[in-house]
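Below is one structure, written out as structure tokens, with a few remarks after it.
Letters A, B, ... mirror the listed sequences (proteins, then strands); counts begin at 1. Keep in mind it's a predicted model, so treat the numbers as computed, not measured.
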Amino acid sequence: MINVSANVQPEARELADTARDHLDALVSYATHLVYDPADAVDFVTAGIYHASRYPPARLRDDGQAALYRAVTRACRQEMRYPPRPHGAARLFSRRGAASRIHVDAAAATKMNTVKRALAMLSFDRRAALLMRDVAGLDYREISRALECSPDATARLIAGARREFGSIYREIAL
Amino acid sequence: MRCSLLVLSSYMDSELAAERAGELEAHLVGCNRCSTALGYLREEAQRINGLPGVHVDEPQADQLLALIGLHNSDDDTRPPNGTWQHDANGVGAPVWPDDAGGGRALPWTPRDAGPPDPEPPAPPPLEPFIAASVPVAPDAGPIPQPVVAPEVEPGPEPPAPPEVTGALPYAPAPPLTAHVYREPGGLSRFAHRARDAVALRLALRRSAPHDLDDDSVQVISGTGAPSWAGKPADRGYVQRMERRRGGAITPSAVGANLVADDDDDEIEARGRHVPGAYPASVPEVAEPAVAASAVRPESAPPSTAGWVPAAPVAPAEPAPVAPPRDALDHNSDDDLAIPQRPAPTPGRHMRSVARTAEPSSAQRFAGFGQLSNAVVHRTGARRGPGVGVVGVDRRLWAFGAGTAVLLIVGLLVGRAATPMATGSPTTHPSAAASAAPIRATATPTAASTPTPTPAGGPAQLTSPISLGSGGNGFSVAGIRYGLHGPKDYRLVFDITPGSRSQGSPTVLMGFGTPTTFYVEFTGASAAGPPETPEKGGVVTGIQLLTPSPIPGRTIYEFTLTRNANFIANYLDGPRLVIDLS
């Protein structure tokens, strides 16, 4: 709603270190969330960009959760950095600098039964499940990333596991 | 204890309280169902955990962080004196002191970054370069030795171009040092404010509306943004943002003083400010983003420690810093690290908020409610901060106008293509009173030979008019005629309905010749021969054609003295009335 071009905060350097440490996990999480490594890199870039402009106060404690929250929001709202042009300009625009960042995602993009089952989940459930089982975040961090309470996170994860299990057993050969 | 997937899932993630975990473990001993379910949960977690990951190489990570301006500057090669450092592309980049506390995104030294920077060494003297540029004649005497120019070799020959290693051919700019930008007072202050206000308006107007699309990075929560709790994290945030948004995230925007003194006083009074000599264009960190958007005190579980809003950051005294513009003009790396973008347009809703955010206390930005009303009225949004709203799409109006034009054109063309009937028969004698009289013009036919009886059907008649609803069982009791009005001659057919007759009989009228008028009844029989009309009228003779030349029809023939127009309609009764004029 408010597009504010804010300067980078002094904590950006510390956030940059945190982002560098968790960059692989963030890109993996985004890749499994949106099923496209190129888009995942764009979303991760936009998420880190947003988090650098509005870092949390306790960066050492909430830095990882803040990054995951920013990346989740970027994936949910398809926010890219740099932003894509609209209309006919998109046909004539070259791909942004983020697209030139190549990542090794050959194995991650390979479709399998687990990914198919995950694709049938809703965005929130899939995000919660990936943050718990892939990224290893606890309920408190997941709740901060999804902007909900830890109880809601627990219910979200439980429902996601139930739904994932039923779908997997149904489509698995 | 009840079997619950939620409890099992929490237990598997080690998120269950110790007491409840003990109870669950005791329950699992005797409940095969829960044990099996727990096994399934572990298997599914392992499957998801087994998803392959993505690896980002170190150079790619650096490139990604450099793209958004977070590249770690510790890896940069810096000369000890902090002078200009040219990279491989030959582009100069400012190199900041090590203890500046920031990378390229922070080209100035924060105020409280630590001990003051050491005095930069004096720039290398210019004597060697000047001395080397002076041509020396071969026969000249020994070249006077410069005081400090070891690389310049004296001699009778013209000296070779000195290798200016470590020294620049011009006086390098002094290293950036933090200094306090003091706003000029008096008329200059007003001029500065007016200039900044105009620049801000022009920047907002220049920005394209589509910059606020879904793909752009938009802050919908975080420090200062309206919170989900219905109150903004900082009152007047939008107002200050509107003032400060005078350009992109570049050091060049630092010098623009877009913050009024009252805002600075407010910042000082409330003790909120970024710890650092940030200029007025930097948004203040009023509350952390997590606390602003994620905290719901009413739903915060008591078991989660640390799930409380973070305290505001301890502020420092505001001191906007404006580095020299000559230093910033050579900073080409900002194009990569900090992309220079035009000031994003706030959108119509933001402009409405800006209009409402007046300096007066009564019209200050009231917070979430006021903003949501503006958004709701324009976008129909139902809840909280969302994605930015762009301007009104005029294509919808153009489409609606085009559709309306096509509709009108279609109606006109349709009406023109469909010939309107010259006469409409009344469906019921009772409705004949309100029926409009049918006016038919008697057009004299080209045929001059009169035909005593119509040989065919209505096709033989000229200017035919048909009335009636097709009823049966009627009989023509009689015909009355006489003058009606100053010019009209009226013929009245009294029709008697039968026991089961309904509606009105079909009647066809028309001219066989210009002076011969025929009336053909279908569904009505003649009760008797008509009477002879009086002399002096337009009708000189009436004759019932027997046998009827057309089977099933009762045909009356009228002999006229002249060509006449006639108007016919059914009246209640029913009665057929024909006016000849």
Side-chain angles (χ1 to χ4, degrees), chain A residues 1-8 10 12-13 16 20 23-24 27-28 31-32 37 45-46 48-50 52 54 56-58 62 66 77-84 86 97-98 101-105 107-108 114 129 132-134 139-140 144 147 149-151 154-155 157-158 161-162 164-165, chain B residues 5-6 9-10 13 15 40-41 44-45 47-49 51-56 60-61 63-65 67-70 72 101-103 105 110 210 212-220 222-223 225 241 248-249 276 282-283 288-290 293-294 299-301 304 310 313 339 344 385-388:
Chain A
M1 176 180 291
I2 302 176
N3 189 0
V4 178
S5 300
N7 288 335
V8 180
R13 189 170 186 177
R20 188 185 296 274
L23 192 59
D24 288 352
V27 178
S28 301
T31 302
H32 294 305
T45 307
I48 298 175
Y49 175 85
H50 167 68
S52 64
Y54 297 92
R58 299 176 299 176
D62 301 330
Q77 300 180 356
E78 296 186 359
M79 297 191 300
R80 305 168 190 271
Y81 187 84
R84 276 184 179 178
H86 274 258
I101 299 174
H102 299 283
V103 296
D104 182 14
V114 176
L129 207 56
R132 179 68 197 103
D133 293 336
V134 175
Y139 281 17
R140 175 176 165 277
R144 298 189 92 107
E147 300 177 346
S149 64
D151 289 343
R155 289 190 292 271
I157 293 176
R161 283 172 172 159
R162 175 189 298 159
F164 172 79
Chain B
L5 181 63
L6 175 62
S9 175
S10 302
D13 296 333
E15 296 287 343
Y40 285 148
L41 288 178
E44 289 157 7
R47 290 195 187 98
I48 297 175
N49 193 20
L51 287 174
V54 178
H55 175 67
V56 182
Q60 302 295 332
Q63 183 179 353
L64 187 146
L65 295 177
L67 178 66
I68 56 181
L70 292 180
N72 194 349
H210 62 266
L212 274 186
D213 50 19
D214 293 336
D215 284 354
S216 60
V217 179
Q218 301 183 9
V219 177
I220 61 173
T223 304
M241 287 299 105
I249 316 170
V282 177
V290 173
S293 61
S299 63
T304 56
V313 180
V387 182

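The two residues Tyr139(A) and Glu15(B) have their closest heavy-atom pair at N-OE2, 3.2 Å. Looking at every heavy atom in both residues, Ile157(A) comes nearest to Ser9(B) through CG2-OG, 3.9 Å. The two residues Ala61(B) and Leu23(A) make their nearest non-hydrogen contact at CB-CD2, 3.4 Å.
Qualifying side-chain contact (heavy atoms from CB on, under 4.5 Å) partners for Asp24(A), counting only residues two or more places apart in sequence or in other chains: His55(B), Val56(B).
The distance from the CG atom of Leu6(B) to the CZ atom of Arg161(A) is 10.5 Å, given to the nearest 0.5 Å. Distance check, rounded to the nearest 0.5 Å: CD1 of Ile48(B) to CG of Leu129(A) gives 3.5 Å. With rounding to the nearest 0.5 Å, the separation of CG in Asp13(B) from CG in Asp133(A) is 7.0 Å.
You'll find the side chain of Leu64(B) reaches within 4.5 Å of the side chain of Ile48(A), heavy atoms only.
In this structure a side-chain-to-backbone donor-acceptor pair under 3.5 Å is missing from His32(A) to Gly53(B).
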